[in-house]
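Data first, discussion second: the structure below is written as structure tokens.
Numbering of ligands and ligand atoms starts at 1, following listing order.
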Amino acid sequence: MIIQAQDVGWVEVICGPMFSGKTEELIRRLRRATYARQRVQIFKPAIDDRYAEASIVSHNQTELPSISVSSIEEMWEHLDPKTKVVGIDEVQFLPKGTVEICETLANRGCRVVVAGLDRDYLAQPFGEMPTLLSIAEYVTKLSAICVRCGNPAHYSYRLAGDNQQVLVGATDQYEARCRSCYYSLQQD
Ligand code: ADP
Ligand code: ZN
């Protein structure tokens, strides 16, 4: 990827719908940082306990140890000043203040890599993601495969009949759909 001088921080965002490989990509980048012997810390919102309390896990079961936090204050408490790379998964679930902590860390020379949904199941911008996308130096927008037609999918379609914005789940509750299948098959 891009080579930058040491001690210069920046923010990377990995976004896309569910099943697009955001966690896989986050894990890949963070693993590479550990191979380079950089001090890495990984956080995830406590709300996301789908697979494991103490790790980030992708839908294909790759995982890395992480710290679950339920507030920004908690994240500050766990942050080690020697950390060079900070990873956050499911960043859209973190409360207000996420943008600020990412900016502060990057300004201090950290590489900040965050992954999360850019839109919710209603296709509306999710949490602080819109601002994160605008402040990030590097943005990667991934796509999944539409389970209805096989085209690239950018939408997370909710199968269950619940209408809260936050409903943590996987294949039983959501499916990846392309624009056409998302809007034309709303009743399925
Ligand atoms: P995300 O963090 O974006 O939800 P993950 O990294 O957790 O994605 O999982 C990506 C993996 O999900 C893929 O490698 C694949 O094994 C699996 N997967 C399940 N359904 C789909 C789909 N419709 N399109 C692409 N990958 C899928
Ligand atoms: Zn489709």
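- The closest approach between a heavy atom of G21 and any atom of ligand 1 is below 4.0 Å.
- Listed by chain and number, the residues in a ring pair (Phe, Tyr, Trp, His ring centres under 6.0 Å) with F43 amount to none (sequence neighbours excluded).
- Here E25 pairs with I14, R28, R29, L142 under the side chain to side chain contact (heavy atoms under 4.5 Å, CB included) rule; sequence neighbours left out.
- Taking the six-membered ring where the residue is Trp, Y138 and W10 present perpendicular rings, their angle passing 60° and hence far from 30°.
- Using a 4.0 Å cutoff on heavy atoms, A115 does not count as a contact of ligand 1.
- Here's the thing with V147: none of its N/O atoms is less than 3.5 angstrom from an N/O atom of ligand 1.
- Side-chain contact check for E128 versus V114: every heavy-atom pair is 4.5 Å or farther apart.
- In this structure, V91 and M129 have side chains that are in contact, with non-hydrogen atoms separated by less than 4.5 Å.
- In terms of polar-atom proximity, defined here as any N/O pair under 3.5 Å, A176 makes no such contact with ligand 1.
- By heavy-atom distance, the residue among E90, E24, M18 lying nearest atom 14 (O) of ligand 1 is E24.
- For ligand 1, one of its N or O atoms has an N or O atom of F19 under 3.5 Å away.
- Heavy-atom proximity to P17, at under 4.0 Å, picks out these atoms of ligand 1: 3 (O).
- The shortest side-chain heavy-atom distance between Q173 and L159 does not fall under the 4.5 Å cut-off.
- Atom 24 (N) of ligand 1 has its nearest heavy-atom neighbour, among I14, D89, V57, I145, in I145.
- When atom types are taken as modelled, the side chain of Q92 and the backbone of F126 share no donor-acceptor pair closer than 3.5 angstrom.
- Not counting sequence neighbours, the partners of K82 by the salt bridge (charged side-chain N to carboxylate O under 4.0 Å, His left out) test are D80.
- Residues L64 and T34 fail the side-chain proximity criterion, which asks for heavy atoms closer than 4.5 Å.
- Close approach of ligand 1 to S58 (heavy-atom distance below 4.0 Å) involves ligand atoms 5 (P), 6 (O), 7 (O).
- Heavy atoms only, all atoms of each residue included: A144 and A176 are closest at CB-CB, 3.6 Å.
- Around the Zn ion (ligand 2), the protein atoms of type N, O or S that sit closer than 2.8 Å are C146 SG, C149 SG, C178 SG, C181 SG.
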